Amino acid sequence: MYENVIIMLIVTTPMCKKILELAGIKDFKVNVNVDNEKADLAILLSENKTNLPSLAIKLNTFTQIKESIQMVYEYNEEKEIATDLDDILDNLFNGFDLATKWSNENEKQDLKKINSKFRVKVYSRFIKDIVGDMGFNIVEEEYDYIIFPDYLDIKKDDSADYELVELPTHKNAPSDPIKRAELRYSILEKISR
C-alpha cells in the first residue's frame, strides 16, 4: 500500500522555520547553511543561495508572509491531517495588532495616503519592500528620512535636514517573521505620527 510513497526531505533556515510550522509541515530540518544537509528541497529567503532545489520566499511584509505560507503549504505532504489553509490564513495575525491593521485593505489604504507625504531614501531591498507596502514615497534626493539596516554604519550630516531610521536585522530582530515584521513596521510607523 505504501510502496509508491516518496517522502520529501525538506531543509530550511532559522528565519523561515516558523513559516513551515504555520503551513503545517512537521518534518523538516533547520540549518543556517542548508547546503550542509542532504535534502530534496530547501525553503529559504529569496536573497539566500543554495545548490539544492529550492523554494525562495519573502517575509518582509505581512502580505509576503501570507503568500509564503500559501506557497509552502503546497509542499505539505500531510494535508489530510493538517489545518485547512483558509483557517491558517484567517487566524494568522490574531494577537498581532500591526499585522491585523496592515492586512486590512481599507485601513491600509488610509495609512498609505498618510505615509505618501513622507519622502524616504532606502538602503536595502528588504526595506524597500516594507516602505513600499506602507506607502512611503521612495526618492533618491530631497528626502525627509534615510531608512537603513542596522548592519550599515550611516551617520547623519549635521547640516542636513533629514532623520535617520535604523531597522533591525538578523540577530537584532526576532526569528518569528510576524514578530519581526511587527517590530519593523512599528519603527516605521513613528515617522507618520
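Note that these values count all heavy atoms, side chains included, but never hydrogens, waters or copies made by symmetry. Just so you know, these numbers come straight off a predicted model, no measurement behind them.
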Should [X] and [Y] count as side-chain neighbours, where that means a heavy-atom distance under 4.5 Å?
X    : Y    : value
K155 : D153 : yes
F28  : K17  : yes
I187 : L167 : yes
V30  : T13  : no
L188 : I147 : yes
F126 : P149 : yes
F148 : K121 : no
I43  : I57  : yes

Reported [atom1]-to-[atom2] distance for the pair [X] and [Y], which is rounded to 0.5 angstrom:
X    : Y    : atom1 : atom2 : result
N48  : C16  : CG    : SG    : 7.0 Å
D40  : L9   : CG    : CG    : 4.5 Å
K49  : S54  : NZ    : OG    : 8.5 Å
I25  : L41  : CD1   : CG    : 8.0 Å
F136 : I114 : CZ    : CD1   : 10.0 Å
N104 : L111 : CG    : CG    : 9.0 Å

Report all side-chain donor-acceptor pairs from residues 170-179 shorter than 3.5 Å, counting only partners two or more places apart or in another chain.
unit_1: N172; atom_1: ND2; unit_2: D150; atom_2: OD2; d: 2.7
unit_1: D176; atom_1: OD1; unit_2: I178; atom_2: N; d: 2.8
unit_1: D176; atom_1: OD1; unit_2: K179; atom_2: N; d: 3.2

Do T50 side-chain atoms and L52 backbone N/O form a donor-acceptor pair below 3.5 Å?
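Yes; judged by distance alone, with no hydrogens or angles, the pair exists.
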Is there a donor-acceptor pair closer than 3.5 Å between any side-chain N or O of R184 and the backbone N or O of P168?
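Looks like yes, one N/O pair under 3.5 Å.
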Quick one: side chain to side chain donor-acceptor pair (under 3.5 Å) pairs with a partner in residues 158-167, sequence neighbours left out?
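For residues 158-167, and leaving out neighbouring residues, the side chain to side chain donor-acceptor pair (under 3.5 Å) pairs sorted by first residue read D157-S159.
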Strictly by side chain to side chain donor-acceptor pair (under 3.5 Å), give each pair with a member in residues 134-147 just once, sequence neighbours left out.
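Sorted pair list comes back empty.
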Quick one: do E189 and W102 satisfy side chain to side chain donor-acceptor pair (under 3.5 Å)? Show the steps, please.
CA-CA 11 Å; E189 274 197 339; W102 283 96; 2.9 Å; yes
Evaluate M134 against K108 for side chain to side chain contact (heavy atoms under 4.5 Å, CB included), listing each step before the verdict.
CA-CA 8 Å; M134 294 180 79; K108 183 176 181 175; over 6 Å; no
Same cluster (ILVMFWY, side-chain, under 4.5 Å), L20 and L59:
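As far as the 4.5 Å side-chain criterion goes, L59 and L20 are connected within one cluster.
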Could you go through residues 89-100 and list every donor-acceptor pair under 3.5 Å that involves a side-chain atom there, pairing it with any protein atom two or more places apart or in another chain?
unit_1: N91; atom_1: OD1; unit_2: N94; atom_2: ND2; d: 3.3
unit_1: N91; atom_1: ND2; unit_2: D87; atom_2: O; d: 2.9
unit_1: T100; atom_1: OG1; unit_2: F93; atom_2: O; d: 3.1
unit_1: T100; atom_1: OG1; unit_2: F96; atom_2: O; d: 2.8

Excluding sequence neighbours, so at least two apart, what forms salt bridge (charged side-chain N to carboxylate O under 4.0 Å, His left out) with E37?
K29
Start with the C-alpha distance between K112 and D133, add both sets of side-chain angles, then the distance that settles salt bridge (charged side-chain N to carboxylate O under 4.0 Å, His left out), and finish with yes or no.
CA-CA 8 Å; K112 287 175 81 166; D133 186 59; 5.4 Å; no
Report, one line per pair, each donor and acceptor closer than 3.5 Å where one atom sits in a side chain of residues 62-69; sequence neighbours left out.
unit_1: Q64; atom_1: OE1; unit_2: N60; atom_2: N; d: 2.8
unit_1: Q64; atom_1: OE1; unit_2: T61; atom_2: N; d: 3.2
unit_1: Q64; atom_1: NE2; unit_2: D129; atom_2: OD2; d: 3.1
unit_1: S68; atom_1: OG; unit_2: K58; atom_2: N; d: 3.4
unit_1: S68; atom_1: OG; unit_2: K58; atom_2: O; d: 2.8
unit_1: S68; atom_1: OG; unit_2: Q64; atom_2: O; d: 2.9

